[in-house]
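See structure below.
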There are 2 protein chains.
Amino acid sequence: MLADAPEPVRGDARTVRVTINHLADALGLSKGTVSRALNGYPDISEITRHRVVRMAERMGYAPLAHAQAIRTGRVRALGIVLQIGEHDAQRPFLAEFLAGLTAAASAESWTLTLATAPTEAEALVTMRRLIDERKTDGFILPRTKVDDPRIALLRALDVPFVLWGRTGDPTGCAWFDILGEDAMGEAVMRLQDMGHRRIGYLGGGRGFNYSVLRHEGYRSALEAVGLEYDPEIVCESAVTVEEGAAAGRRLLAGPRPPTALVCATDMAALGVYRAVAEAGLEVGRDVSVIAYDGIPEGAYATPQLTTFEVDSREAGARLAQLLIRRIRGEAPEDLRETAHARLRLRASDGPPSMTSEELRERLSRATTRV
Amino acid sequence: MLADAPEPVRGDARTVRVTINHLADALGLSKGTVSRALNGYPDISEITRHRVVRMAERMGYAPLAHAQAIRTGRVRALGIVLQIGEHDAQRPFLAEFLAGLTAAASAESWTLTLATAPTEAEALVTMRRLIDERKTDGFILPRTKVDDPRIALLRALDVPFVLWGRTGDPTGCAWFDILGEDAMGEAVMRLQDMGHRRIGYLGGGRGFNYSVLRHEGYRSALEAVGLEYDPEIVCESAVTVEEGAAAGRRLLAGPRPPTALVCATDMAALGVYRAVAEAGLEVGRDVSVIAYDGIPEGAYATPQLTTFEVDSREAGARLAQLLIRRIRGEAPEDLRETAHARLRLRASDGPPSMTSEELRERLSRATTRV
DNA sequence: TCGCTTGCCGAAACCGGTTTCGGAAACAAC
DNA sequence: GTTGTTTCCGAAACCGGTTTCGGCAAGCGA
């Protein structure tokens, strides 16, 4: 012990833990036998194994993960590195997501080690540190990009991981994802069914894989229903209210304005609300909006936002389970799951009150008047 | 190895780690000596210690926390258990807070173990599990209550902890807190200065310690400026937009309505916005509002919300540092820090446009008209 | 010169597990 | 009755550290 350091708080008051030695003594077995019995080695008789398991339960024995780790190299901990910039730290689903992750992890008596990094580069460094220090047996990678350096790193280091989302090159990747492309497609079909013939699109964050998928879902659904894909009413990327509003203004100002907009994110949709209001129009009647995410603000907005809701808690739970199976050695190809977003029908979409031409007419009158 | 289990993913590709044995060999010392040198034992000559430290740096040696833990019982991990209910999972500051925690922790090469629980009772169970399994050396306790069972548990088990907030019985507690009472007081003074004579209050969550403090800050400031404390214009608890709106309506409907409202939470303030608008009044002119928290929605609301902003990232960082010092043995009494919230002057407060009487008159006309 | 500290380090036990190895006992085959 | 095979368990090494203990050599005082 250090000479003049204060005495560390120890917490000795808690009852002494049952170790594998106590268990072995109580059973009259060697600790090696007990260990093998508990770990399913084939050279233990079923009778003995049964005795050991029962006694372990009775005495409340559970091995210390970090003591096991010294030999096995695995600490029974999942890792996640959140990239949190200066002020983009708005994450409506973070709590739900973490709840799912930790619930599923602790059900298997694993834990979650959480770290953060301000930039992508620092995230890589942080991951390396966690790996080197064996703090984590594998990673959950949120916000996957089409070309994601984190994946490259983990592949190179042969560290297990699972994606929240998909990615450009799926080799060696396990994942859970919501089929955003299907959602966007469904939105288009629904709007077309209701009579819309000019349906615009506001895309997601640049570089993220989900953006590519949703955009493609939009495009191919247009094709399926026989509508033209027109870059004039498509905004590549809009992920904040401001960007959504700007994009909304721009698309509405075009020569053939959209009577409906499909948005890859709710935030963008809320921006569209602003642009529509500014133009003296009404969302849900004059311009329909269907978005994606399910943020709480959408339910409070006027009109309430029709959107595809993602169950973040479920996603977290699935990801934790997948990662644990991956760490245990299952092949990544067998660990790819997807689910559908749930359409929350609310009030921001409806049959068009006018055609694109009428809308343009109306808009030009409004602007000249102002 | 289990007979028919798949081969666990090992990550052997990563370069072999430098262990204390490698270091000892390279130095021609015994590993015990190396260990003592690195841990500041007094029976190592300065020359040797220096050699060891330099070589450790050169070879990139860092001890494995879990290997140390087997002997020391400490894993260099901070713990936090977030209570996340079914759908109250709206936590605007969670990401920032976690960023602060993990940044400060990793600066000392500690990590964060995160868990969640749906209820308080389950949180206690989860904490016990983390303690029993030695996953954590101490806890950060968010959302402290006046009488907090988590504190009782950790006190009984003699496990180090630090509060984010204060509590009823401070015995043995270390904490970091923002002086919410000062903020509420300042709000009252400011409003009084501007000419308000009827200043109402919307309190925070029931049972939480911050609610008591902020309420008391409001009350004593009223006294200090010579205004009456009137339960008629005080709502004990309002923490959602809905509750805030309901409280706003109730207070405004009274015989002597407030011309200004101090809110313990921004959410309540946004509810007040709604109530004021419904009454045909304007926030910032007819009714002033000053709140507390600094949620992003406040800056986007109309009018922009004047509020006391809390730096969650800073709080996380301070808490991590305090907890580490606590675990290292410093006395809790020496680990109590506070800071002030930062007043963001925006547009929701101003001189009263009318007196309480005039306001009542105006309101009664409005309601009869409707 | 002798004994007694003191400074400094090596050796070994130890923490709580896992894993390898070898061998006794039971069983089967010849 | 031998001689293999299995079955099943104990013993011991091992993982990567920490901590205790003992002892050598240098320094000191008498």
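Predicted model only: the values in this text are computed from it and were never measured.
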What is the distance, rounded to the nearest whole Å, between atom [atom1] of [X] and atom [atom2] of [N]?
| X | N | atom1 | atom2 | result |
| --- | --- | --- | --- | --- |
| A/H66 | D/dC15 | NE2 | P | 18 Å |
| B/Y41 | C/dG10 | OH | P | 16 Å |
| B/R76 | D/dG16 | CZ | C1' | 13 Å |
| B/D25 | C/dA11 | CG | P | 12 Å |
| B/I47 | C/dG7 | CD1 | P | 14 Å |
| B/R36 | C/dG7 | CZ | P | 15 Å |
| A/L27 | D/dC9 | CG | C1' | 13 Å |
| A/N21 | C/dC15 | CG | C1' | 10 Å |

May I ask you to verify whether the side chain of B/R74 and the base of D/dT18 hold a donor-acceptor pair under 3.5 Å?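 Side chain to base: no pair present.
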Regarding C/dG16, can its base be found pairing with the side chain of B/R134 as donor and acceptor, where the two atoms are less than 3.5 Å apart?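 A donor-acceptor contact between them is absent.
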CG (A/D25) with more than 12 external heavy atoms under 6.0 Å: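 Atom CG in A/D25 is crowded, with more than 12 foreign heavy atoms closer than 6.0 Å.
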Tell me which nucleotide among [options] gets nearest to the side chain of [X].
| X | options | answer |
| --- | --- | --- |
| B/S35 | D/dT18, C/dC9, C/dT18 | D/dT18 |
| B/T72 | C/dG16, C/dT20, D/dT18 | D/dT18 |
| B/R71 | C/dT18, C/dC15, D/dG16 | C/dC15 |
| A/I70 | D/dT18, D/dC15, D/dG10 | D/dC15 |

Can you find a heavy atom in the side chain of A/R91 that is under 4.5 Å from one in the side chain of A/P142?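 Counting from C-beta outward, A/R91 and A/P142 never come under 4.5 Å.
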Answer whether the closest heavy-atom distance between the side chains of A/W110 and A/I324 falls below 4.5 Å.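 Yes, close enough: below the 4.5 Å cut-off.
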Any side-chain N or O of [X] under 4.0 Å from OP1/OP2 of [N]?
| X | N | result |
| --- | --- | --- |
| A/T48 | D/dC8 | no |
| B/T33 | C/dC9 | no |
| B/N39 | D/dT18 | yes |

Earlier contact from the 5' end, DNA chain C, for B/K31 and B/I44: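 Whichever sits nearer the 5' end wins; that is B/I44.
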Residue whose nearest DNA chain D nucleotide is more 5′ - B/A67 or B/D43: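 In this pair, the answer is B/A67.
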Salt-bridge present (B/R150, B/E120; N to O < 4.0 Å):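 The answer is no: the pair does not qualify as a salt bridge.
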If I compare all heavy atoms of B/D137 with all of B/V75, which pair ends up nearest, and what's the gap?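 For B/D137 and B/V75, the tightest heavy-atom pair comes out as OD1-N, 2.9 Å.
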